Structure formats: structure tokens, C-alpha cells
**Q** 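This structure is in C-alpha cells; I'll ask about it shortly.
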Number of protein chains: 2
Amino acid sequence: MSKSVEPRGIATVPDVAREAGVSTATAARALGGYGSVRESTRERVLAAAEQLGYRANSLARSMITGSTRTLGVVVSDIENPFFRRSLRGIADTARAQGFEVLLANTDEELDKEETAVRLMTERRVDGLVVCPADGGDRSHLREVIAAGIPVVLLDRSVAGLQADTVGIDNRKAARAATEHLLANGHREIAILTGGTPTMLERMLRPDMRGVERASATTVGARAAGFRDAMTAAGVPIRPELISSGGYRREDGEAETARLLALDDRPTAILAFDAMQSLGAFHAIARAGIRCPQDVSLLGFDDTEWADVVSPALTVVAQPAYEIGVAACRLLLSRIEGAGGAVAHRRLPTELIERGSVGPWLAT
Amino acid sequence: MSKSVEPRGIATVPDVAREAGVSTATAARALGGYGSVRESTRERVLAAAEQLGYRANSLARSMITGSTRTLGVVVSDIENPFFRRSLRGIADTARAQGFEVLLANTDEELDKEETAVRLMTERRVDGLVVCPADGGDRSHLREVIAAGIPVVLLDRSVAGLQADTVGIDNRKAARAATEHLLANGHREIAILTGGTPTMLERMLRPDMRGVERASATTVGARAAGFRDAMTAAGVPIRPELISSGGYRREDGEAETARLLALDDRPTAILAFDAMQSLGAFHAIARAGIRCPQDVSLLGFDDTEWADVVSPALTVVAQPAYEIGVAACRLLLSRIEGAGGAVAHRRLPTELIERGSVGPWLAT
DNA sequence: CTGAAAGCGCTAACAA
DNA sequence: TTGTTAGCGCTTTCAG
């Protein structure tokens with residue numbers, strides 16, 4: 001009675017093998033597409049599988065092969081214009097190679113990042129794309145790398161971590177952006193960084209100590225680029241024009257309102273990301289201040305709405321999608337065993353001039 | 001010699017057990033947090049694990065327990081304002097319960113959806129949130145459900161599929177939006193649907209045949225709501241004002257340009273999603289037509305930029321984040337074994353009046 | 001509370 | 001080409 005009973009639940013390789021009248025090894029070979037199986041046998045096995053509604057169990061397969069064909073992606077917030085576009089690039093590239101993507105948001109919180117990375121490594125992802133949150137000793141990433149799991153850092157780098165990185169040259173891009181404002185006659189330039197005060201203090205100290213450490217972060221590097229340009233032009237940096245209030249739109253809005261209320265308000269604002277640009281834009285409009293006549297705005301990241309607002313936003317466009325693609329490609333090549341030194345891919349940015357930056361005529 | 005050799009590669013339960021001087025069963029109990037282990041023993045095991053750098057292997061665990069604590073999310077495009085916000089809701093809810101999210105984009109292509117669903121079920125996800133692409137027989141979803149894997153449909157429903165759904169009442173929302181335009185005196189109202197011509201023909205045929213089938217899709221249901229309002233008001237629908245050109249911003253832009261070039265152009269445009277609103281907005285501005293004086297615009301989905309453009313956009317706001325949360329909660333409850341009839345959660349929408357809809361004074 | 005042994009579904013030698 | 005057999009790393013009876 002127990003021998004002729006119908007298999008309960010989902011069909012397995014032995015079930016299919018029995019149905020097709022072959023051994024489990026042969027059935028597995030036909031089903032898994034490896035080894036060699038006579039064409040007629042394969043067809044028989046496939047037919048049996050079809051009939052039984054067989055579905056491969058990736059878990060069992062992965063346990064043996066040691067590969068899950070799954071990538072982990074850990075970013076601060078998939079709703080952010082830069083990350084959502086990068087993620088699309090990663091996902092498209094992964095899918096084209098038959099890889100799936102496991103996703104996690106960290107909101108820049110280190111413990112969420114650690115948990116996400118642990119959970120993903122426990123699920124035995126073949127590799128990770130991580131945009132590391134600031135702070136901490138990054139031992140969780142170090143351990144992953146030590147365990148031989150390839151990690152590619154997105155957008156940011158971590159000093160002393162032996163991981164590939166893909167992004168832009170933040171310092172150079174910020175310097176170019178600042179120079180564009182300087183070339184337009186601006187001297188009172190504010191930056192909307194989103195970073196923490198401590199990081200910026202370290203970054204902007206006149207003695208330049210701590211530059212190396214801070215410039216490993218995106219915000220730090222951009223602040224450094226800003227200072228490079230200001231210093232080169234001999235324009236003093238006013239501390240109260242350095243904003244550091246968080247990465248959300250409301251943060252940018254509140255900080256801009258503060259800047260605009262200053263007695264000696266800035267004539268130009270450089271926003272370090274798209275959500276802050278948007279907040280700044282809104283704050284300027286609400287304050288009834290004209291852009292670009294009264295204040296110019298230059299933001300990082302080109303978005304779907306940048307050319308629709310009025311005036312259209314002048315931006316430093318990052319090739320976010322391509323950065324995702326490059327990060328994924330690099331990760332896949334490491335997974336396939338590509339050796340060699342740690343790579344740091346820097347993709348080009350583009351300053352797209354639209355209407356939000358205007359000349360400032362010396363008063 | 002082979003007995004005292006150091007374990008190669010990553011430490012496993014037997015390695016930890018040996019180090020702690022206990023059986024694999026006890027070590028596994030301490031590590032996995034199940035069964036009962038004396039406190040002192042647990043500490044010893046945990047210390048050994050720590051020392052060996054032990055990392056649990058979720059694959060092996062899942063094979064036995066039958067649970068991966070992983071959810072699959074299949075949407076058309078994570079960059080879309082509605083989906084990215086919903087996805088965030090799903091991800092946050094999943095993380096709070098210790099679940100991970102496997103993500104896939106389909107671009108509304110059925111074969112990508114089928115592949116994604118197959119890959120995810122092979123990876124033994126505990127459940128799926130799917131925004132099903134239009135068309136096909138949906139047998140891939142039927143099979144998943146038949147296999148006992150819970151599926152929650154997001155945003156759309158599929159006629160005849162025994163799956164829970166979470167979204168809004170599209171027909172009602174579109175009707176309310178249309179009524180808002182009618183109340184403002186508009187009679188020549190165009191809709192930017194994004195859908196296919198065939199679907200819309202079926203939807204808008206005067207005899208109403210095919211309504212049931214078409215209204216299962218989001219676009220179909222919204223078109224139905226539009227017709228409901230127009231019919232109730234006794235206002236004829238002009239076929240050339242029904243646009244169907246794809247869901248991207250450029251599609252909305254091109255279609256709006258076409259509409260505005262019409263001899264008898266519409267006085268109001270109702271866009272079925274955010275990217276089309278954005279395209280319409282841009283097309284209106286480029287045509288040098290004033291909004292809302294010359295043409296009113298009403299769009300679905302509230303976005304980060306809706307109140308920043310000028311005029312600010314009047315929209316039908318969907319609670320996208322909450323929809324994601326609700327979908328995830330429902331899915332988790334099914335995974336936990338909650339039975340009962342198929343549920344259809346409809347969350348409330350809100351018409352947010354800003355500046356893009358104005359009164360039309362009869363000429 | 002702890003241990004021995006069986007086995008989840010699959011692949012990978014090794015033989016035949 | 002096909003079959004036999006031995007596990008992957010873990011959980012889970014069932015004894016003790």
C-alpha cells in the first residue's frame with residue numbers, strides 16, 4: 001500500500017524519475033540541464049515532470065552547487081532618485097544573467113545594514129551591492145569579504161575596505177559645480193549637504209586634517225570639492241552657509257528656509273542630492289524669492305521632474321542607471337572568479353545647464 | 001591526522017558542536033533558538049560559534065522547515081511613483097517581521113512576469129506580491145496558488161483568480177475625478193490612459209459588453225469610472241480624446257501634444273498615472289498653453305514633485321505606501337495560515353485640490 | 001536537557 | 001548514456 005501511494009505535496013526528482021522510469025540521477029540531469037542524457041530520455045523525463053507539475057527546488061540545488069544565483073542589494077532608500085535608478089540598472093543586468101535580487105533599505109542606519117547583510121549572507125547570496133551607511137567599523141562588511149563573498153560598494157567607498165567601488169568622482173563633480181556658480185559671479189554660496197555636522201566640521205577645517213577620512217563619504221567628498229573650488233577662487237567659506245540637516249526633502253526645505261532668512265543670504269545654493277534640490281526649490285518658491293534672479297539653485301542628480309519645474313533645474317547629472325549596471329557587471333565578474341586588484345570605477349558626470357542658475361551681478 | 005584537522009571554509013553546526021563539546025543536536029538547538037538548552041550550555045555553544053565565525057545556512061534550514069522567510073515582489077517597474085512607494089511599504093513591513101524581499105520588474109511583459117514568478121517559487125518564497133501584467137491566461141499565477149503559495153495582487157485584480165487583492169476602487173476614484181472636472185464646467189475631457197487601444201475599445205463600447213473583463217485592469221476600471229461620470233452627466237465621450245499610448249512619461253507627453261493640436265482641443269485632461277501627468281504637464285508648458293486657464297490637468301498619484309511644479313498638480317492621491325503595507329500584512333497572515341475567503345482590500349483615495357484644475361466658463 | 005540517527009531534495013563522483 | 005551511492009548543513013523525532 002505504501003509503495004503505490006501517490007506522492008503528496010509537490011513532486012520531487014524521485015517522483016519524476018519513477019514516473020519516467022529512470023534513475024533519480026538521470027531525471028535530475030534532464031531536469032537540471034547538466035551531464036548528458038539521451039534526447040529521447042530527456043523528453044520522457046520532461047514530460048513526466050510536466051505531468052506531475054514538478055518545480056525545481058533551488059534551495060537543495062544551491063546547497064550542493066554553492067551558488068544561489070541571487071544578489072543582495074543594500075541601499076539607504078529605494079525611493080531616492082539615485083538609488084531607484086541604480087537599482088533598476090542592477091536588476092536589469094542581474095536578470096539578463098539569470099540572477100535574482102534580494103533587496104533591503106537601511107535608512108542610513110548601521111544596525112539595519114548589519115542585519116540586512118547578515119540575513120543575506122545567511123541566505124547565501126553570491127554577492128552584494130552595498131551603499132554603506134556612514135559610521136561604525138564596517139566589520140560586517142569586512143567579514144563578508146573575508147568569507148569570500150564579493151562585495152561592490154555603490155556610490156560610496158569605505159577607507160581601508162578591500163572592496164570594488166562604482167560611482168562618480170564626487171570631489172571633482174562638486175568642484176565643477178561650484179566653479180560653475182563662481183563663474184556666474186556668485187560668492188555667497190551655500191551647500192545643502194544632508195550630512196552630519198561632525199563630518200562636515202572635519203571636512204572643512206582649515207588645516208585639512210580629517211579630509212582623507214571624511215572624503216570617503218559622498219557628502220564629505222562633495223564638501224571637499226566645494227572647498228577646493230572656493231579656495232582656488234580665493235572666496236571665503238561662511239560656516240553658516242554649510243547646511244547639515246538630513247537627506248529628506250523636508251530637511252532641504254527647512255534648511256533652505258533658514259538660509260534665505262539670513263541677513264546676508266546666499267546668492268546661490270548647491271544641493272547635494274535630488275530630494276534636497278526639490279526641498280530647496282519649494283522653499284524658494286514659498287519665500288517668494290525669484291530663481292534665478294534672486295537666488296540660483298544647482299542640484300545633484302537629474303530626475304524625471306528636473307526639466308518640468310520652472311525654472312528647470314540646472315543639475316550635475318550622475319549616470320545612475322549605468323552605475324548600477326557597472327556595479328552589477330563588476331560583481332558578476334567577481335562571482336565568476338575574476339581576480340585582480342580592487343577596482344574603482346568612476347563614471348562621468350554631466351553638468352546640465354537649464355534655468356535655475358543665473359549670473360550674479362556684483363552689487 | 002584527518003581527525004584533528006582545522007575545518008576548512010565556513011564553520012558548520014558540527015564544527016561548533018565539536019568546539020563546544022556537545023552534540024550537533026544541542027549545538028543546533030542553541031544556535032537556532034529552538035528546543036530547550038541549559039543556559040550554561042547555550043552560552044558555551046554561542047561562544048564557540050562566535051569564535052569560529054559561524055554563520056547559519058538558511059538554505060539548509062529552509063529545506064527542513066519549509067519556510068524561507070522570503071517574500072517575492074513582482075511589479076512592472078520599481079521606478080514608477082506608485083510602485084516604488086508601495087514597495088517601500090512592503091519592504092518595511094516585511095523587515096519588521098524578519099522577512100526579506102526578492103524583487104523583480106516586468107515592464108508589463110508577461111514572459112518576464114512568468115519567469116520571475118517561476119524563479120521565485122523555485123527559490124521557495126513563502127509568498128508573493130504581484131502586480132499582474134495584462135493579458136495571457138495567468139496560468140502561472142494559478143499554479144502558484146494551487147501549490148499552496150499565498151499570492152496577493154497589488155493594484156490590479158485578475159478575474160477568476162482566487163487571490164487576495166489590495167488597491168483602491170479605481171472605478172470610483174476615476175468617476176470622482178471626472179466629476180470634479182465636470183463640476184468645474186468641463187465638457188471636453190480627455191483621458192491619458194496608457195493602456196492599449198483594444199482594452200479601451202472594449203471598455204468604452206456603448207453596449208458595455210466586455211466591461212466586466214476590462215474593468216479588472218486598472219486602466220479599464222478607471223476608464224469605466226470616467227464613462228460612468230460622463231454618462232451620468234449626459235456628456236458625450238469623444239473617441240479622439242481617449243488616449244492609449246503607453247505608460248512612460250514620453251508617451252504622456254506625445255499624446256498630450258496630439259490632444260492639444262486638435263482643432264477642438266480638450267479643456268481638461270485626466271491622466272491615469274503620475275508619469276503621464278508629468279508628461280502632460282511638460283507638453284502643456286511647451287505648447288505655451290496656460291494651465292489651468294486654457295487647459296486643466298488632473299492626475300492620478302501624489303508624488304514628491306506634485307506640489308512643487310507650477311501650478312501645483314491637483315491629484316487623486318492613492319495611499320501607495322499603505323497599500324504596500326496592507327498587501328504585505330495580508331500576505332504574512334496567509335503565510336501564517338490564516339484561512340477564510342479571498343479578501344479584496346480597497347483603501348480610500350483622496351482628491352487633493354491644488355492649482356492645475358480651474359473652472360471652464362461656457363463659451 | 002542532551003544525544004544518536006534519519007532525512008529534506010538535490011548533485012556529484014564513480015561505476016557500469 | 002545511465003545507475004548507485006554518498007552527502008550538502010541543518011532540524012527533528014525518539015531515546016535516554
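To find a chain, count down the sequence lines: A is the first, B the second, and so on, and within it residues start at 1. Values below: every heavy atom of this structure, side chains too, minus hydrogens, waters and symmetry copies. What you see is a predicted model; the values in this text were computed from it and never measured.
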**Q** Report for the helix from C:dC1-D:dG16 to C:dA16-D:dT1: angle between first-end and last-end helix axes, five pairs each, rounded to 10 degrees.
**A**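 Its terminal axes enclose an angle near 30°.
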
**Q** Count the heavy atoms belonging to other residues, nucleotides or ligands that lie under 6.0 Å from CZ of B:Arg329, then report whether that count exceeds 12.
**A**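 Result for CZ/B:Arg329: open.
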
**Q** In terms of side-chain heavy atoms, does A:Asp107 have a donor or acceptor partner in A:Ser76 at a distance below 3.5 Å?
**A**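 No, no side-chain donor-acceptor contact under 3.5 Å.
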
**Q** What residues, two or more places apart in sequence or in another chain, satisfy side-chain contact (heavy atoms from CB on, under 4.5 Å) together with A:Thr24?
**A**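 A:Thr24 satisfies side-chain contact (heavy atoms from CB on, under 4.5 Å) with A:Val13, A:Pro14, A:Ala17 once adjacent residues are dropped.
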
**Q** So, are A:Arg84 and A:Glu79 salt-bridged, with charged N and O less than 4.0 Å apart?
**A**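 No, no charged N to carboxylate O under 4.0 Å.
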
**Q** So, A:Glu108 and A:Arg156, do they make that salt bridge, N to O below 4.0 Å?
**A**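 A salt bridge links A:Glu108 with A:Arg156.
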
**Q** Would B:Glu114 and B:Arg118 pass as an ion pair if we require N to O under 4.0 Å?
**A**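 No salt bridge links B:Glu114 with B:Arg118.
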
**Q** Phosphate oxygens OP1/OP2 of D:dG3: is one of them under 4.0 Å from a side-chain N or O of A:Thr26?
**A**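 So the side chain of A:Thr26 is within the cut-off, an N or O lying under 4.0 Å from OP1 or OP2 of D:dG3.
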
**Q** Please set out all donor-acceptor pairs under 3.5 angstrom arising from side-chain atoms of residues 37-53 of chain A, sequence neighbours excluded.
**A**
unit_1, atom_1, unit_2, atom_2, d
A:Glu39, OE1, A:Arg42, NH2, 3.2
A:Arg44, NH1, A:Ala20, O, 2.6

**Q** Between A:Thr218 and A:Asp155, is any side-chain donor less than 3.5 angstrom from a side-chain acceptor?
**A**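 Indeed, the side chains of A:Thr218 and A:Asp155 share at least one donor-acceptor pair under 3.5 Å.
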
**Q** Which residues within residues 27-49 of chain A lie with some heavy atom under 4.0 Å of an atom in DNA chain C?
**A**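 DNA chain C contact set from residues 27-49 of chain A: A:Ala28, A:Arg29, A:Tyr34.
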
**Q** Would you kindly say whether A:Thr70 and B:Arg123 are connected by a side-chain donor-acceptor distance under 3.5 Å?
**A**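 Yes, side-chain donor-acceptor contact under 3.5 Å.
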
**Q** Which residue pairs pass the side-chain hydrogen bond (donor to acceptor under 3.5 Å, both in side chains) test with at least one member in residues 89-99 of chain B, sequence neighbours excluded?
**A**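 Qualifying pairs: B:Arg88-B:Asp92, B:Asp92-B:Tyr321.
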
**Q** In whole angstrom, give the distance that lies between atom CG of B:Asp15 and atom C1' of D:dC10.
**A**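 Distance, rounded to whole Å: 13 Å.
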
**Q** Could you list all N or O pairs between the protein and nucleotides 7-9 of chain D that sit under 3.5 Å apart?
**A**
none

